[in-house]
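Down below is the structure, laid out as structure tokens.
Side chains included, hydrogens not; waters and symmetry mates left out as well; all remaining heavy atoms used. Convention: sequence-line order gives letters A, B, ...; per-chain numbering from 1.
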Protein chains: 2
Amino acid sequence: MKIGDLARATGVSPRLLRYYEEQGLLTAHRAGSGGHRRYAEDAPAVVGHIRSLLAAGLTTRVIRELLPCVVGPGPEFEHCAAGTLREQLRGLEDKITTLQDARSALSGILATTVPSEGHEG
Amino acid sequence: MKIGDLARATGVSPRLLRYYEEQGLLTAHRAGSGGHRRYAEDAPAVVGHIRSLLAAGLTTRVIRELLPCVVGPGPEFEHCAAGTLREQLRGLEDKITTLQDARSALSGILATTVPSEGHEG
DNA sequence: CTTGCATCTCACATCGATGTCAGATCCTAC
DNA sequence: GTAGGATCTGACATCGATGTGAGATGCAAG
């Protein structure tokens, strides 16, 4: 598929697809396409993974390291950036904790300031 | 207290304290100090609140709206930006969900790629 | 072969919190 | 009154994902 197709399939702009390639997250071959990118069949799935990890706050640099594990579907990636994986996992849990704290703070305020409307979530 | 004192007390750089003031989050009076800022006693607490909300991913603009509720300790802030509060709360929960998803994804990978070392967290 | 849309590369802009530098002014201690 | 540290303002830099525009070229359909 070409870049426009992939963009339509994933909802990610061509600009970003090129950016992901530039960051080493996405591969395209350009044989006999006059310089135009051609993507493999699993490209949409890969882009999906990238988007998820980005949404989780991971950096493209980190994703570049982790992606082989995420994409590689098999048990053959035994020592696949396990250190980075653990590190990011820890960071993720820190972030979750921080957000949960903020959430209880805000919902506490909400309960205090608008007691009649707060149906304690 | 002066800006350097507040900076030391909170671990936040003078640059940022000025920035928070510029964003309307922090107040200082400058009477008879030759243009130098003077902060009230509760300033460190206020800065603490600001830092927490920033860490939660809230924007200074949003914090400016919410801060009166957060800082105002009493039940007198009845309708204090309740809409914004609810909105941010929802955004926060979305973000938490996203991060939790990413966490399980990563920890799943970790368990798969390094089964011997993963003590399922 | 022409027309029109897709794609290419390159570069600059944006947003938000934060750093840093420069030049001027102030306060405090001696 | 002078030296030195703190503070002032203002502007420019940074990081990372993303947008946008320009100018050139490619491809597919007529």
Distance check needed: C:dA24 P versus B:H36 NE2, whole Å only. 16 Å
Hey, which sits more toward the 5' end of DNA chain C by its nearest nucleotide, B:T59 or B:G32? B:T59
Of all the nucleotides listed (C:dT18, D:dA17, D:dT7), which has the minimum atom distance to the side chain of A:L54? D:dA17
Rounded interatomic separation in angstrom, taking CD from A:E22 and P from C:dC8: 13 Å
Counting only side-chain N and O atoms of B:R18, is one of them less than 4.0 Å from OP1 or OP2 of D:dC8? yes
Judged by atom type as modelled, is there a donor-acceptor pair below 3.5 Å linking the side chain of B:T10 to the main-chain atoms of B:V12? yes
Does a side-chain N or O of A:R37 approach OP1 or OP2 of C:dC8 to a distance below 4.0 Å, or not? yes
Give a yes/no on whether any side-chain N or O of A:R15 is located under 4.0 angstrom from OP1 or OP2 of C:dA13. no
It should be established whether B:R30 places a side-chain nitrogen or oxygen under 4.0 Å from OP1 or OP2 of nucleotide D:dT7. no
Does a side-chain N or O of B:T60 approach OP1 or OP2 of C:dA17 to a distance below 4.0 Å, or not? yes
Nearest-nucleotide 5' precedence on DNA chain C, B:S33 against B:L58: B:L58
Is A:E22 salt-bridged to A:R15, cutoff N-O under 4.0 Å? no
Do B:S33 side-chain atoms and B:A31 backbone N/O form a donor-acceptor pair below 3.5 Å? yes
Whole angstrom is fine here: how far is it from NZ in B:K2 over to C1' in C:dC27? 6 Å
d(OH, B:Y39; P, D:dT7) in whole Å: 9 Å
In whole angstrom, what separates A:Q23's CD from D:dC15's P? 13 Å
Donor-acceptor contact below 3.5 Å, side chain A:R30 vs main chain A:G35: yes
When you check the phosphate oxygens OP1 and OP2 of C:dT18, does a side-chain N or O of B:Y20 lie under 4.0 Å from one of them? yes
I want to check one thing: is the phosphate of C:dT7, taken as OP1 and OP2, less than 4.0 Å away from some side-chain N or O of A:R38? no
A:R64 CZ to D:dG16 C1', in whole Å, measures 13 Å
Look at the side-chain N and O atoms of A:S13 and state whether any lies under 4.0 Å from the OP1 or OP2 oxygen of D:dT18. no
Tell me: CG of A:L17 to P of D:dA17, nearest whole Å? 15 Å
Atom CG of B:L16 and atom P of C:dT20 are separated, to the nearest Å, by 11 Å
Please tell me if B:Y19 has a side-chain N or O lying less than 4.0 Å from either OP1 or OP2 of C:dT18. no
Whether B:R8 and B:D5 form a salt bridge (side-chain N of Lys/Arg under 4.0 Å from carboxylate O of Asp/Glu) is what I want to check. yes
